[in-house]
There are 2 protein chains.
Amino acid sequence: MTRQLDDVDRTILRAMTADGRQTVRALARAVGLSEPSVRERLQRLERDGVITGYHAALDPASVDAATAAFVALRFEPGEAAKAVVNERLARETCVLEVYEVAGEDCYWLKVRASGTDALADTLDRIRAIPPVRGTSTTIVLRTVFERPLGPDTGPA
Amino acid sequence: MTRQLDDVDRTILRAMTADGRQTVRALARAVGLSEPSVRERLQRLERDGVITGYHAALDPASVDAATAAFVALRFEPGEAAKAVVNERLARETCVLEVYEVAGEDCYWLKVRASGTDALADTLDRIRAIPPVRGTSTTIVLRTVFERPLGPDTGPA
DNA sequence: GTTGAAAGAGCATAGTT
DNA sequence: AACTATGCTCTTTCAAC
(Lines give C-alpha, C1' and ligand atoms only; values in the text may rest on other atoms or scores of the structure.)
Protein backbone atom coordinates (compact mmCIF):
# COMPACT_ATOMS: atom_id res chain seq x y z
CA MET A 1 0.00 0.00 0.00
CA THR A 2 1.09 3.57 -0.52
CA ARG A 3 2.22 5.67 2.37
CA GLN A 4 -0.36 7.72 4.18
CA LEU A 5 -0.19 11.48 3.71
CA ASP A 6 -0.90 13.88 6.57
CA ASP A 7 -2.19 17.44 6.37
CA VAL A 8 1.30 18.93 6.13
CA ASP A 9 2.15 16.66 3.20
CA ARG A 10 -1.04 17.66 1.45
CA THR A 11 -0.32 21.34 2.01
CA ILE A 12 3.11 20.85 0.50
CA LEU A 13 1.65 19.00 -2.49
CA ARG A 14 -1.01 21.66 -2.96
CA ALA A 15 1.61 24.41 -2.93
CA MET A 16 3.98 22.59 -5.26
CA THR A 17 1.31 21.68 -7.80
CA ALA A 18 0.31 25.35 -7.85
CA ASP A 19 3.90 26.65 -8.07
CA GLY A 20 6.54 24.02 -8.59
CA ARG A 21 9.42 26.48 -8.58
CA GLN A 22 8.87 28.11 -5.23
CA THR A 23 11.69 27.81 -2.73
CA VAL A 24 11.74 25.46 0.22
CA ARG A 25 11.85 28.58 2.39
CA ALA A 26 8.58 29.86 0.94
CA LEU A 27 7.14 26.41 1.34
CA ALA A 28 8.21 26.33 4.98
CA ARG A 29 6.49 29.64 5.62
CA ALA A 30 3.35 28.34 3.93
CA VAL A 31 3.12 25.24 6.10
CA GLY A 32 4.39 26.85 9.28
CA LEU A 33 7.33 24.52 9.86
CA SER A 34 11.09 24.98 9.74
CA GLU A 35 13.00 24.77 6.52
CA PRO A 36 14.82 21.48 7.22
CA SER A 37 11.59 19.74 8.22
CA VAL A 38 9.85 20.81 5.05
CA ARG A 39 12.86 19.90 2.96
CA GLU A 40 12.93 16.43 4.50
CA ARG A 41 9.22 15.93 3.79
CA LEU A 42 9.63 17.16 0.24
CA GLN A 43 12.53 14.80 -0.37
CA ARG A 44 10.55 11.92 1.07
CA LEU A 45 7.61 12.72 -1.18
CA GLU A 46 10.01 12.66 -4.13
CA ARG A 47 11.76 9.46 -2.99
CA ASP A 48 8.47 7.68 -2.36
CA GLY A 49 7.27 8.60 -5.84
CA VAL A 50 4.37 10.76 -4.69
CA ILE A 51 5.96 13.63 -6.59
CA THR A 52 7.04 12.19 -9.95
CA GLY A 53 8.65 15.34 -11.31
CA TYR A 54 8.46 19.06 -11.93
CA HIS A 55 7.58 20.47 -15.31
CA ALA A 56 7.22 23.85 -16.93
CA ALA A 57 3.76 24.19 -18.45
CA LEU A 58 3.75 25.77 -21.90
CA ASP A 59 1.13 27.73 -23.77
CA PRO A 60 0.07 25.47 -26.66
CA ALA A 61 -0.32 28.29 -29.15
CA SER A 62 3.15 29.65 -28.37
CA VAL A 63 4.81 26.34 -29.23
CA ASP A 64 2.79 25.79 -32.37
CA ALA A 65 0.47 23.19 -30.85
CA ALA A 66 -2.83 25.04 -30.84
CA THR A 67 -4.88 22.20 -32.31
CA ALA A 68 -5.86 19.40 -29.94
CA ALA A 69 -7.72 16.22 -30.74
CA PHE A 70 -8.72 12.91 -29.25
CA VAL A 71 -8.11 9.82 -31.35
CA ALA A 72 -9.74 6.43 -30.81
CA LEU A 73 -7.35 3.86 -32.19
CA ARG A 74 -8.37 0.31 -33.10
CA PHE A 75 -5.72 -2.31 -33.78
CA GLU A 76 -5.24 -6.05 -33.98
CA PRO A 77 -5.38 -7.99 -30.72
CA GLY A 78 -2.32 -9.56 -29.16
CA GLU A 79 0.62 -8.47 -27.06
CA ALA A 80 3.02 -8.33 -29.99
CA ALA A 81 0.77 -5.91 -31.88
CA LYS A 82 0.33 -3.81 -28.75
CA ALA A 83 4.10 -3.60 -28.26
CA VAL A 84 4.56 -2.38 -31.82
CA VAL A 85 1.83 0.23 -31.44
CA ASN A 86 3.19 1.46 -28.11
CA GLU A 87 6.69 1.83 -29.49
CA ARG A 88 5.56 3.68 -32.59
CA LEU A 89 3.21 5.98 -30.70
CA ALA A 90 6.01 6.89 -28.30
CA ARG A 91 7.99 8.20 -31.29
CA GLU A 92 5.16 10.48 -32.37
CA THR A 93 5.94 13.76 -30.65
CA CYS A 94 2.40 15.02 -31.23
CA VAL A 95 0.92 12.15 -29.21
CA LEU A 96 0.89 13.40 -25.63
CA GLU A 97 -1.25 10.82 -23.86
CA VAL A 98 -2.20 7.21 -24.58
CA TYR A 99 -4.83 5.30 -22.61
CA GLU A 100 -6.19 1.80 -22.86
CA VAL A 101 -9.92 2.17 -22.34
CA ALA A 102 -12.81 -0.13 -21.55
CA GLY A 103 -15.89 -0.59 -23.70
CA GLU A 104 -14.24 -0.51 -27.10
CA ASP A 105 -11.25 -2.58 -28.02
CA CYS A 106 -8.98 0.38 -28.55
CA TYR A 107 -6.67 3.11 -27.31
CA TRP A 108 -7.60 6.71 -26.78
CA LEU A 109 -4.92 9.25 -27.60
CA LYS A 110 -4.61 12.93 -26.87
CA VAL A 111 -2.79 14.62 -29.72
CA ARG A 112 -1.58 18.17 -30.20
CA ALA A 113 -0.39 19.67 -33.47
CA SER A 114 0.18 23.04 -35.06
CA GLY A 115 -3.02 22.76 -37.11
CA THR A 116 -5.24 20.38 -38.97
CA ASP A 117 -2.56 19.73 -41.59
CA ALA A 118 0.01 18.60 -39.05
CA LEU A 119 -2.72 16.63 -37.31
CA ALA A 120 -3.59 14.88 -40.56
CA ASP A 121 0.07 14.05 -41.12
CA THR A 122 0.32 12.54 -37.67
CA LEU A 123 -2.85 10.52 -38.26
CA ASP A 124 -1.45 9.26 -41.56
CA ARG A 125 1.66 8.02 -39.79
CA ILE A 126 -0.40 6.40 -37.05
CA ARG A 127 -2.60 4.62 -39.59
CA ALA A 128 0.56 3.35 -41.26
CA ILE A 129 1.53 1.39 -38.14
CA PRO A 130 1.02 -2.24 -39.25
CA PRO A 131 -1.40 -3.52 -36.56
CA VAL A 132 -3.59 -0.39 -36.75
CA ARG A 133 -7.04 -1.01 -38.21
CA GLY A 134 -8.56 2.40 -37.97
CA THR A 135 -8.88 5.72 -36.19
CA SER A 136 -11.73 7.95 -35.12
CA THR A 137 -10.78 11.53 -34.43
CA THR A 138 -12.59 14.15 -32.39
CA ILE A 139 -11.28 17.67 -32.74
CA VAL A 140 -11.15 19.96 -29.71
CA LEU A 141 -12.75 23.30 -30.54
CA ARG A 142 -12.00 24.97 -27.24
CA THR A 143 -10.27 24.13 -23.99
CA VAL A 144 -12.65 25.18 -21.22
CA PHE A 145 -10.06 24.49 -18.53
CA GLU A 146 -7.20 22.19 -17.61
CA ARG A 147 -5.69 21.80 -14.17
CA PRO A 148 -2.91 19.65 -12.75
CA LEU A 149 -3.62 16.64 -10.59
CA GLY A 150 -3.54 17.76 -6.98
CA PRO A 151 -3.77 16.18 -3.53
CA ASP A 152 -7.51 16.96 -3.32
CA THR A 153 -8.45 15.45 -6.65
CA GLY A 154 -9.36 11.88 -5.86
CA PRO A 155 -11.56 11.92 -2.75
CA ALA A 156 -15.08 12.97 -3.69
CA MET B 1 1.00 36.63 -33.78
CA THR B 2 3.10 34.99 -31.12
CA ARG B 3 6.79 35.68 -30.83
CA GLN B 4 9.14 33.47 -32.75
CA LEU B 5 11.27 31.07 -30.74
CA ASP B 6 14.87 30.33 -31.69
CA ASP B 7 16.86 27.18 -30.99
CA VAL B 8 18.13 28.45 -27.65
CA ASP B 9 14.58 29.17 -26.52
CA ARG B 10 13.51 25.70 -27.54
CA THR B 11 16.43 24.14 -25.69
CA ILE B 12 15.43 26.06 -22.58
CA LEU B 13 11.82 24.96 -22.93
CA ARG B 14 12.88 21.37 -23.52
CA ALA B 15 15.03 21.42 -20.39
CA MET B 16 12.39 23.09 -18.24
CA THR B 17 9.56 20.79 -19.33
CA ALA B 18 11.81 17.86 -18.44
CA ASP B 19 12.94 19.31 -15.09
CA GLY B 20 11.14 22.45 -14.02
CA ARG B 21 13.12 22.85 -10.82
CA GLN B 22 16.63 22.96 -12.19
CA THR B 23 18.66 26.07 -11.48
CA VAL B 24 19.36 28.80 -13.99
CA ARG B 25 22.99 27.86 -13.62
CA ALA B 26 22.32 24.29 -14.75
CA LEU B 27 20.19 25.62 -17.59
CA ALA B 28 23.02 27.89 -18.70
CA ARG B 29 25.40 24.95 -18.82
CA ALA B 30 22.83 22.94 -20.79
CA VAL B 31 22.37 25.60 -23.47
CA GLY B 32 25.98 26.75 -23.51
CA LEU B 33 25.26 30.41 -22.78
CA SER B 34 26.04 32.63 -19.83
CA GLU B 35 23.82 32.71 -16.79
CA PRO B 36 22.52 36.27 -17.27
CA SER B 37 21.53 35.57 -20.88
CA VAL B 38 19.67 32.43 -19.97
CA ARG B 39 17.99 34.14 -17.04
CA GLU B 40 16.84 36.95 -19.29
CA ARG B 41 15.45 34.51 -21.85
CA LEU B 42 13.68 32.50 -19.18
CA GLN B 43 12.07 35.61 -17.75
CA ARG B 44 11.00 36.71 -21.20
CA LEU B 45 9.45 33.32 -21.90
CA GLU B 46 7.52 33.66 -18.65
CA ARG B 47 6.51 37.28 -19.30
CA ASP B 48 5.38 36.50 -22.84
CA GLY B 49 3.23 33.65 -21.56
CA VAL B 50 5.13 30.92 -23.40
CA ILE B 51 5.76 29.34 -20.00
CA THR B 52 2.44 29.49 -18.16
CA GLY B 53 3.66 28.00 -14.90
CA TYR B 54 5.59 25.31 -13.10
CA HIS B 55 3.88 22.37 -11.47
CA ALA B 56 4.84 19.34 -9.44
CA ALA B 57 3.50 16.19 -11.12
CA LEU B 58 1.96 13.71 -8.71
CA ASP B 59 1.55 9.96 -8.86
CA PRO B 60 -2.23 9.42 -9.19
CA ALA B 61 -2.30 6.32 -6.98
CA SER B 62 -0.41 8.09 -4.20
CA VAL B 63 -3.00 10.84 -3.96
CA ASP B 64 -5.95 8.49 -4.13
CA ALA B 65 -6.80 9.26 -7.75
CA ALA B 66 -5.96 5.97 -9.43
CA THR B 67 -9.16 5.75 -11.48
CA ALA B 68 -9.34 7.85 -14.63
CA ALA B 69 -12.25 8.25 -17.00
CA PHE B 70 -13.42 10.30 -19.95
CA VAL B 71 -16.94 11.69 -19.79
CA ALA B 72 -18.93 12.95 -22.76
CA LEU B 73 -21.36 15.51 -21.41
CA ARG B 74 -24.49 16.63 -23.27
CA PHE B 75 -26.38 19.69 -22.09
CA GLU B 76 -28.93 22.23 -23.26
CA PRO B 77 -27.76 24.76 -25.85
CA GLY B 78 -27.25 28.41 -25.03
CA GLU B 79 -24.62 30.59 -23.44
CA ALA B 80 -26.42 30.78 -20.10
CA ALA B 81 -26.53 27.00 -19.77
CA LYS B 82 -22.88 26.78 -20.74
CA ALA B 83 -21.92 29.31 -18.09
CA VAL B 84 -23.72 27.32 -15.42
CA VAL B 85 -22.07 24.09 -16.52
CA ASN B 86 -18.61 25.66 -16.62
CA GLU B 87 -18.98 27.11 -13.16
CA ARG B 88 -20.24 23.87 -11.62
CA LEU B 89 -17.59 21.75 -13.34
CA ALA B 90 -14.86 24.05 -12.05
CA ARG B 91 -16.01 23.26 -8.49
CA GLU B 92 -15.66 19.53 -9.07
CA THR B 93 -12.14 18.74 -7.91
CA CYS B 94 -12.18 15.38 -9.73
CA VAL B 95 -12.72 17.07 -13.08
CA LEU B 96 -9.23 17.86 -14.35
CA GLU B 97 -9.85 18.83 -17.97
CA VAL B 98 -12.85 20.13 -19.90
CA TYR B 99 -12.96 20.45 -23.69
CA GLU B 100 -15.58 21.61 -26.11
CA VAL B 101 -15.40 19.16 -28.99
CA ALA B 102 -16.68 19.06 -32.56
CA GLY B 103 -18.95 16.41 -33.98
CA GLU B 104 -21.23 15.92 -31.02
CA ASP B 105 -22.89 18.78 -29.26
CA CYS B 106 -21.10 18.20 -25.98
CA TYR B 107 -18.12 18.55 -23.66
CA TRP B 108 -15.48 15.95 -23.06
CA LEU B 109 -14.11 15.76 -19.53
CA LYS B 110 -11.13 13.99 -18.07
CA VAL B 111 -11.93 12.90 -14.54
CA ARG B 112 -9.82 11.29 -11.84
CA ALA B 113 -11.16 9.71 -8.64
CA SER B 114 -10.08 7.31 -5.94
CA GLY B 115 -12.16 4.52 -7.45
CA THR B 116 -15.38 3.72 -9.21
CA ASP B 117 -17.44 4.72 -6.16
CA ALA B 118 -15.97 8.20 -6.01
CA LEU B 119 -16.27 8.41 -9.80
CA ALA B 120 -19.96 7.50 -9.59
CA ASP B 121 -20.48 10.16 -6.93
CA THR B 122 -18.86 12.77 -9.15
CA LEU B 123 -20.98 11.70 -12.10
CA ASP B 124 -24.11 11.94 -9.94
CA ARG B 125 -23.25 15.51 -9.04
CA ILE B 126 -22.49 16.36 -12.66
CA ARG B 127 -25.82 14.92 -13.82
CA ALA B 128 -27.53 17.02 -11.17
CA ILE B 129 -26.35 20.24 -12.86
CA PRO B 130 -29.62 21.68 -14.29
CA PRO B 131 -28.74 22.05 -18.00
CA VAL B 132 -27.09 18.62 -18.17
CA ARG B 133 -28.98 16.10 -20.27
CA GLY B 134 -26.76 13.08 -20.05
CA THR B 135 -23.31 11.62 -19.73
CA SER B 136 -21.40 8.84 -21.42
CA THR B 137 -18.42 7.54 -19.48
CA THR B 138 -15.40 5.63 -20.74
CA ILE B 139 -13.20 4.14 -18.03
CA VAL B 140 -9.42 4.15 -18.46
CA LEU B 141 -8.05 0.66 -17.79
CA ARG B 142 -4.41 1.57 -18.15
CA THR B 143 -2.33 4.63 -18.85
CA VAL B 144 0.14 3.64 -21.56
CA PHE B 145 1.99 6.95 -21.26
CA GLU B 146 1.52 10.63 -20.58
CA ARG B 147 4.02 13.36 -21.34
CA PRO B 148 4.01 17.11 -20.91
CA LEU B 149 3.56 19.47 -23.83
CA GLY B 150 7.01 20.42 -25.07
CA PRO B 151 8.53 22.73 -27.70
CA ASP B 152 8.73 19.88 -30.24
CA THR B 153 5.13 18.77 -29.94
CA GLY B 154 3.30 20.71 -32.59
CA PRO B 155 5.38 20.60 -35.77
CA ALA B 156 4.98 17.26 -37.47
C1' DG C 1 25.51 38.78 -26.33
C1' DT C 2 29.82 38.56 -22.61
C1' DT C 3 32.64 38.64 -17.81
C1' DG C 4 33.20 39.80 -12.99
C1' DA C 5 31.92 41.27 -8.46
C1' DA C 6 29.27 41.53 -4.32
C1' DA C 7 25.17 41.13 -1.30
C1' DG C 8 21.40 38.55 -0.14
C1' DA C 9 18.64 34.39 -0.38
C1' DG C 10 18.36 29.73 -0.42
C1' DC C 11 20.31 25.02 0.25
C1' DA C 12 22.29 21.10 2.64
C1' DT C 13 24.36 19.15 6.53
C1' DA C 14 25.16 18.72 10.51
C1' DG C 15 24.29 18.38 15.96
C1' DT C 16 20.18 18.71 19.62
C1' DT C 17 15.86 18.12 21.87
C1' DA D 1 9.85 14.43 13.51
C1' DA D 2 10.91 18.70 14.87
C1' DC D 3 14.47 22.68 15.92
C1' DT D 4 18.93 25.93 15.56
C1' DA D 5 23.36 26.73 13.63
C1' DT D 6 26.73 26.48 10.11
C1' DG D 7 29.23 26.81 5.61
C1' DC D 8 28.38 26.54 0.86
C1' DT D 9 25.82 27.32 -3.51
C1' DC D 10 22.85 29.83 -6.17
C1' DT D 11 20.46 33.99 -7.36
C1' DT D 12 20.16 38.62 -8.36
C1' DT D 13 21.67 42.91 -9.71
C1' DC D 14 25.02 45.71 -10.74
C1' DA D 15 28.75 47.40 -13.50
C1' DA D 16 31.81 47.49 -17.78
C1' DC D 17 32.64 45.42 -22.26
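Every chain is numbered from 1 and lettered A, B, ... according to where its sequence line falls, protein lines coming before strand lines.
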Asker: Do T67(B) and R112(B) meet the criterion of a side-chain donor-acceptor pair at a distance under 3.5 Å?
Answerer: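 Side chains of T67(B) and R112(B): no pair found under 3.5 Å.
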Asker: Is there a side chain to side chain contact (heavy atoms under 4.5 Å, CB included) between R125(B) and E92(B) once you walk through the steps?
Answerer: CA-CA 9 Å; R125(B) 280 195 303 277; E92(B) 289 293 331; 2.9 Å; yes
Asker: Would you give me the side-chain donor-acceptor pairs under 3.5 Å for residues 76-83 of chain A, sequence neighbours excluded?
Answerer:
{"unit_1": "K82(A)", "atom_1": "NZ", "unit_2": "E100(A)", "atom_2": "OE1", "d": "3.4"}
{"unit_1": "K82(A)", "atom_1": "NZ", "unit_2": "E100(A)", "atom_2": "OE2", "d": "3.1"}

Asker: One pair to check against salt bridge (Lys or Arg N to Asp or Glu O under 4.0 Å): R41(B) and D6(B). What are the steps and the verdict?
Answerer: CA-CA 11 Å; R41(B) 279 173 179 268; D6(B) 65 13; 3.0 Å; yes
Asker: With a 4.0 Å heavy-atom cut-off, tell me which residues in residues 46-57 of chain A come close to DNA chain C, sorted by residue number.
Answerer: none
Asker: Less than 4.0 Å between a side-chain N and a carboxylate O, is that true for E35(B) and R39(B)?
Answerer: yes
Asker: From the set dG10(C), dC3(D), dA1(D), return the single nucleotide nearest to any side-chain atom of S34(A).
Answerer: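 The answer is dC3(D).
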Asker: Write down the protein N/O and nucleotide N/O pairs, taken from nucleotides 12-17 of chain C, whose separation is under 3.5 Å; answer none if there are no such pairs.
Answerer:
{"unit_1": "dA12(C)", "atom_1": "OP2", "unit_2": "R39(A)", "atom_2": "NH1", "d": "2.1"}

Asker: Determine, step by step, whether K110(A) and E97(B) satisfy the salt bridge (Lys or Arg N to Asp or Glu O under 4.0 Å) criterion, reporting the C-alpha distance in whole Å, the side-chain angles of both residues, the deciding distance to 0.1 Å, and the verdict.
Answerer: CA-CA 12 Å; K110(A) 192 161 98 181; E97(B) 302 173 21; 2.9 Å; yes
Asker: Can you check whether T17(A)'s main-chain N or O pairs, donor with acceptor, with H55(B)'s side chain at less than 3.5 Å?
Answerer: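 A pair under 3.5 Å: yes.
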Asker: Round to the nearest Å and state the distance from R41(A) atom CZ to dC11(C) atom P.
Answerer: 18 Å
Asker: Which whole-number value in Å describes the distance from L42(A) CG to dA2(D) C1'?
Answerer: 17 Å
Asker: dT9(D) C1' sits how many Å from R29(B) CZ, rounded?
Answerer: 10 Å
Asker: Respond yes when some side-chain nitrogen or oxygen of S37(A) is under 4.0 Å from OP1 or OP2 of dC3(D), and no when none is.
Answerer: yes
Asker: Hey, which of these two, E40(A) or R21(A), hits DNA chain D nearer its 5' end, going by closest nucleotide?
Answerer: E40(A)
Asker: Is the distance between the ring centroids of F70(A) and W108(A) under 6.0 Å?
Answerer: no
Asker: For dG10(C), does OP1 or OP2 lie under 4.0 Å from any side-chain N or O of R25(A)?
Answerer: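 True: R25(A) side-chain N/O within range (under 4.0 Å) of dG10(C) OP1/OP2.
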Asker: Please report, rounded to the nearest Å, how far the C1' atom of dC11(C) is from the CD atom of Q22(B).
Answerer: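 Computing the Q22(B):CD to dC11(C):C1' distance gives 17 Å.
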Asker: Hey, is D152(B) close enough to R14(B) for a salt bridge, meaning N to O under 4.0 Å?
Answerer: yes
